[in-house]
Amino acid sequence: MAVMNATERRRELGQQFRVDSIRMSTAAGSGHPTSAMSAADLMAVLADGYLRYDFSDRKSVANDRLVFSKGHASVLLYSIYRAAGVISEDEMLRYRTLASPLEGHPTPLLPWVDVATGSLGQGLPFGVGMALAAKYLERLDTRVWVLCGDSELAEGSIWEALEHASHFELDNLTAIFDVNRLGQRGETMVGWDLDRDVRRVEAFGWNAIPIDGHDVEAIDEAFAAAVSTTGKPTVVIARTLKGKGVKAVENKNGFHGKPLEHPEAAIEELGGVRDIHVDVAKPTVTPADRPPSSPLELPRYEVGEEVATRKAYGDALAALGASRPDVVALDGEVSNSTFAEEFAKAFPDRYFEMYIAEQQMVAAAVGLQAVGWRPFASTFAAFLSRAYDFVRMAAVSRATMSLCGSHAGVSIGEDGPSQMGLEDIASLRAVHGSTVLHPCDANQTARLVAAMADTGGISYLRTLRPATRVLYGPDEEFEIGGSRVLRSSENDEVALVGAGITVHEALAAADALADDDISARVIDLYSIKPLDVATLRDAVEATHGRFVTVEDHWAEGGLGDAVLAALADEENPPRVVKLAVREMPKSGKPDELLAAAGIDAEHIAAAARRLVRETVPAT
């Protein structure tokens, strides 16, 4: 057999990728072969000439990163892996089966996949985080390559990524736009108007290179230009044909997400099955060793002092940064309110200002953790809802990162309901494998920030705007999944369960109840997920099952529902009165708003009195 030159080889490799994409989707009876076929030539040139990756050392920060933002084209990614020799033909053909890690959209079940994609508009924002790490933290000459579909260019998160990549001058980031014109139901917003795409991305400060996405020589020239461009990121805007190479589906609507009807004929039309092996180049750079950790010295606050938990978050994060060189922080332009500015002042080289772009902030955190960093990202609790899909997908990515939502609940006061995080506990509890924490004082906050740094998965800390009295000494330990019983006796008649601001209200309510000779057990349920079920069970037994839960959060899905779910299967489940925010709040003083919501000390005490009066212990 004659030896092929590079151009011929890459053309043949593109055909191999198309054939393998058809074979996989045919075997599975599902998939997106036509979406893969449009980008096959682009990936052939990348894998055979530009990607630097050591498949035997996938965690090495010296590796380039390849992200399929158009995750539905997973068969193309798996075709690359087959050509690289890291999965077998048999493994490839088990695509989308229960026992296979080759899922319909890529996830880190495969060791060479850094982030889960498939929710469109996320891959490029993830790539920004990876490129930030390479350029500013590792200071390595590594590249991030992101394959994007033209349909997802309608997602605002893509444009957040374009803006931030330009701002940070990420010349180590190359986006590849596969402009095949056809989306799921028809033509995309821009179609094949490459001039418009060029103008748009150039307006965001990118180097734009429009090409024919099936001309492997033009692709090679574009990638070479991207590698040599400095001071700005590059986007290769490739005009392609969906279903390229098979006349029955090429550039025709109605074949998105469907295996081909006549796969044998299509494979023959493409020239048959091939077995070209690609020796993906290994990285040539050597990463430096990171400095070791040092002992952690958390801030200390005196009992009785008035300190906002958001301030304690910032102080503790700065202390954590001094102890652990792998910790990085991000914020959404509210660092003087979340107090992430304390970290920024101490470690400006490990702090990334993401401005008012919460999707990009969370995505950058996911990208940073994918390459070995330990990110903490903060904004107002209410604004994390804008990035919820990124948090959800971070769990699919098996990501480990910490989020902090400040200004939670009606206790923020005069700013009004647009700024009040009232859904955050419910939404973050629903994330798979998440941890949800809501401290009530500064020392507890500091300890929990430290604990989060060693907690896997998505951990969330809810902090308060107003200063609250320090209840706990600086040496007290607080574990994930714990709680604290602040008041108890052998004669407790009711349990008052709160977290954050409502702990202080519950303590005041317990004092008022004591004046009526009602003994109340007060539980600080600072760990809302996981929950301290043992302490709750003890309280059920001690109080004859009388519970008042109180939270500065909507009634749905928060602390009260967490308690009810934890105790639902008890032989004698408690009678729970759930106090929460139920009407749309207004602007006002914090104490006025707590009272208006029915979650202040007076309302807690009133609910407890009614509960004690109305229920008689079982004999």
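Everything numeric in this text was worked out from a predicted model, so none of it was measured.
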Is there a donor-acceptor pair closer than 3.5 Å between any side-chain N or O of [X] and the backbone N or O of [Y]?
X	Y	result
D64	R52	yes
E160	Q360	yes
S459	T455	no
H164	M354	yes
R274	L13	no
K242	V249	no
E250	G245	yes
N63	P283	no
K529	R429	yes
W206	L162	yes

Taking the six-membered ring for Trp and the single ring otherwise, decide whether the centroids of Y355 and H167 are under 6.0 Å apart.
yes
For atom CD of E261, is the number of surrounding heavy atoms from other residues, nucleotides or ligands below 6.0 Å larger than 12?
no
Count the heavy atoms belonging to other residues, nucleotides or ligands that lie under 6.0 Å from CD of E268, then report whether that count exceeds 12.
no
Look at [X] together with [Y] and state whether they make a salt bridge at an N to O cut-off of under 4.0 Å.
X	Y	value
R181	D150	no
R18	D41	yes
R374	D326	no
D275	R82	yes
R290	E138	yes
R10	D48	yes

Parallel, tilted or perpendicular for W112 and F55, by the 30°/60° rule?
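The rings of W112 and F55 stand perpendicular, inter-plane angle above 60°.
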Aromatic rings F204 and W159: how do their planes relate, parallel, tilted or perpendicular, breaks at 30° and 60°?
tilted
Answer with yes or no whether the side chains of S69 and E152 bring together a donor and an acceptor at under 3.5 Å.
yes
Any cation-pi pair here, R350 with F347, using under 6.0 Å and within 45°?
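Yes, R350 lies over the aromatic ring of F347.
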